[in-house]
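Because only heavy atoms are used, hydrogens play no part in the values below, and waters and symmetry mates are left out as well, while side chains stay in.
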Amino acid sequence: MIQDTIVDGFANAPHRSLYHALGFTKEELSRPIIGIVSSHNEIVPGHMNLDKIVEAVKLGVAMAGGTPVMFPAIAVCDGIAMGHTGMKYSLITRDIIADSTEAMVRAHGFDGLVMVPNCDKNVPGLLMAAARLNIPTIFVSGGPMLAGKLNGKKTSLSSMFEAVGAYTAGKITEEELAVCEQKTCPTCGSCSGMYTANSMNCLTEVLGMGLAGNGTIPAVYSARIALAKHAGMQVMELVRKNIRPRDIMTEAAFRNALTADMALGCSTNSMLHLPAIANECGIVLNLDMANEISEKTPNLCHLAPAGNTYMEDLDEAGGVYAVLSELNRIGLLDRSALTCTGKTIGENIAQAKNKNPEVIRPADNPYSKTGGIAVLRGNLAPDGCVVKRSAVAEEMLVHAGPARVFDSEEEAISAIYAGEIKKGDVVVIRYEGPAGGPGMREMLSPTSAIAGMGLDRDVALITDGRFSGATRGASIGHVSPEAVRGGLIAYVKDGDRISINIPEYSISLDVSDEEIEARKETMEIKKKTGLTGCLARYAEQVSSADRGAVINPFRG
């Protein structure tokens, strides 16, 4: 307890004097001190409301007998960082967030924590910190954005990026593009489809680290404020019972999360973040588990970009617990996993109901009998690569075509907008991996350009970088090993035939072994030079994508 090490006794009088400088009373210092980690800022739409969430959390903590103390965490908006150098700095913030939170908590000795994240890297970064610190912790996110409305239909950020492709192809006018720009993102909150932020906030519920509604209650609803108050109150129960993150985030919890991931059709980025969080818990989450679980898990949701439903629709249909209830009905949920409620996940979902079978398909009437994500292997990716199968058109599940090779995202975008990509092509974007980028940029701009130009049912994209949760189509990322570390993707040439078979989890470069060995003698690996600061450190230390792109991999 903080009282034992920092507050109580004559030797801690200097520490108390500094608390008094902050205006704390003796009464406040006699209670458990709860750190509130706030990702609030004025540049990320999903974080602009977090000051209100934090105030509600603080009230909940105080009502339950604790003393709340807020400190900040940084956040990058992936949408604003997309398509330029800024995206190199997105994934690396996951580790910066975890490290800086660890430093603040260890330095100040909090008794418990409430994490208040919302967007892409803050959720996994703070989950990593929670596992590392292992003191009583609960999460409450800022909630999803409401869907936009355009011409009587709901829309979201992925539609905006695709509109740029449509404009480039002459399918919409500049005036129509401007209307899209004004209507697509109507409120604060994490972007309204099943993109990375909402995927991770939903999976936080499944892992047991957030209360019901954490992933789905819209940011602008008053219920979100009430949820924050309940989170503040519940952390005090966790402190009293000494329930810690590693008591909750067990191997069973991660299997539940992967199962829910498949049913929900989450972002492929979950295949980076779940292994990274598990790593901090001392658990190795092998990518092969994804296919094993996918084979028996039905895909029940087609939220944007896979379909025309949004987070607000999932919330009204019963939220994450309703999805878990469907999975439990067919025996796919480990009901015994402990959660931040102090109860098991089975107890939590006992009263959950699917209120809209159009949004959450019943388990006996799924979109597909297999899950939303697939891990492919073959000579092009012997350590694996990842695709959001639920967002791939049926005719692209099996595809073979000539490679069009680019050594950066910028080169690929230029070629796409210039009309150089033809039906049947396989676009290969390399040197964008965790170390090679560095930073493993998301590639929403090229995938959206392809979709906006009407080629998403004819063209595949492959990269050692990653794709946004807003991406749809045959977009295959996380190719491991990456190009800069000698992966076969470094030796692909224009015109090479690449074969993709998603149902059979395979991907191959159809070039002879002799030719590949000859290329390795003549083709040079291209490494970025002149790197400085955190990018240089990251490029040197980061693991491959199949290990979660972590800095300190747990070997098991």
Side-chain angles (χ1 to χ4, degrees), residues 44-49 77-83 118-120 142-199 201-202 215-221 264-267 269 301-317 356 358-360 367 372 388 390-393 442-457 467-473 475:
V44 183
H47 291 215
M48 63 182 284
N49 67 321
C77 177
D78 278 23
I80 294 174
M82 195 72 66
N118 209 27
C119 290
D120 293 28
M145 184 184 291
L146 292 178
K149 290 185 179 176
L150 189 64
N151 300 323
K153 295 181 179 180
K154 290 183 178 180
T155 187
S156 61
L157 184 65
S158 54
S159 303
M160 188 67 242
F161 276 89
E162 290 178 16
V164 175
Y167 171 73
T168 303
K171 294 185 175 184
I172 63 172
T173 65
E174 185 174 352
E175 291 74 18
E176 288 172 317
L177 181 65
V179 171
C180 290
E181 182 182 327
Q182 293 296 323
K183 299 285 188 179
T184 296
C185 298
T187 72
C188 63
S190 48
C191 297
S192 56
M194 188 53 82
Y195 310 146
T196 305
N198 293 326
S199 295
N201 282 325
C202 288
T216 59
I217 297 172
V220 295
Y221 284 11
L264 286 163
C266 290
S267 163
N269 281 316
C301 299
H302 265 193
L303 284 85
N308 296 314
T309 53
Y310 297 83
M311 295 306 296
E312 62 206 68
D313 302 313
L314 179 60
D315 187 62
E316 290 171 9
N356 189 339
E358 296 301 314
V359 176
I360 304 170
Y367 283 101
K388 189 171 184 176
S390 59
V392 179
E442 284 188 349
M443 310 273 178
L444 181 55
S445 294
T447 60
S448 297
I450 290 286
M453 297 169 80
L455 293 171
D456 57 297
R457 294 176 178 270
F467 292 113
S468 165
T471 290
R472 62 185 174 94
S475 302

Could you give all pairs that pass the salt bridge (Lys or Arg N to Asp or Glu O under 4.0 Å) test and reach residues 168-178, with sequence neighbours left out?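 Found none.
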
Of all residues at least two apart in sequence or in a different chain, which pass the side-chain contact (heavy atoms from CB on, under 4.5 Å) check with N356?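 Once residues adjacent in sequence are excluded, the partners of N356 under the side-chain contact (heavy atoms from CB on, under 4.5 Å) criterion are A317, E358, V359.
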
Restricting to salt bridge (charged side-chain N to carboxylate O under 4.0 Å, His left out), what partner residues turn up for D313, sequence neighbours left out?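 In terms of salt bridge (charged side-chain N to carboxylate O under 4.0 Å, His left out), with neighbours along the sequence ignored, D313 is linked to K154.
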
What are the two closest non-hydrogen atoms of [X] and [Y], and how far apart are they?
X	Y	result
M145	P45	CE-CB, 4.4 Å
T447	S475	CG2-OG, 3.4 Å
G265	M194	O-CG, 3.6 Å
S445	M82	OG-CG, 3.9 Å
K388	C266	CE-O, 3.3 Å

Flag, side chain of E312 to backbone of P218, donor-acceptor distance under 3.5 Å: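 Judged by distance alone, no pair lies under 3.5 Å.
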
Counting only N and O atoms by type, is there a donor-acceptor contact under 3.5 Å from the side chain of D78 to the main-chain atoms of E442?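 Here the side-chain-to-backbone pair does not exist.
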
Indicate yes or no: at least one non-hydrogen side-chain atom of L264 is less than 4.5 angstrom from one of L314.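 L264 reaches L314 side chain to side chain.
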
Can you list every side-chain hydrogen bond (donor to acceptor under 3.5 Å, both in side chains) pair that touches residues 179-195, not counting sequence neighbours?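 Of all non-adjacent pairs touching residues 179-195, those that pass side-chain hydrogen bond (donor to acceptor under 3.5 Å, both in side chains) are S156-Y195, S158-Y195, S190-N198.
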
Distance-only donor-acceptor pairs under 3.5 Å for side chains of residues 159-169, two or more places apart:
from	atom 1	to	atom 2	distance (Å)
S159	OG	T155	OG1	3.1
E162	OE1	R472	NE	3.4
E162	OE1	R472	NH2	2.8
E162	OE2	R472	NE	2.8
T168	OG1	V164	O	2.8

For Y367, what residues pass the ring pair (Phe, Tyr, Trp, His ring centres under 6.0 Å) criterion, not counting sequence neighbours?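 Ring pair (Phe, Tyr, Trp, His ring centres under 6.0 Å) list for Y367, sorted by chain: H302.
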
Stepwise side-chain contact (heavy atoms from CB on, under 4.5 Å) test for T309 and C301: CA-CA 9 Å; T309 53; C301 299; over 6 Å; no

Could you tell me if T196 and S267 have a donor-acceptor pair between their side chains, going purely by distance under 3.5 Å?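 Per modelled atom types, S267 and T196 side chains form a pair under 3.5 Å.
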
Can you list the steps and then say if T216 with C202 is a side-chain contact (heavy atoms from CB on, under 4.5 Å)? CA-CA 7 Å; T216 59; C202 288; 4.1 Å; yes

Test side chain to side chain donor-acceptor pair (under 3.5 Å) on N201 and N118; report intermediate values, then the result. CA-CA 7 Å; N201 282 325; N118 209 27; 3.2 Å; yes

With rounding to the nearest 0.5 angstrom, report the CE to SG distance, M311 to C191.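 M311 CE to C191 SG: 12.0 Å, rounded to 0.5 Å.
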
Rounded to the nearest 0.5 Å, what's the gap from SG on C77 to CG on D120? Could you check?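 Result: 8.0 Å between the selected atoms.
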
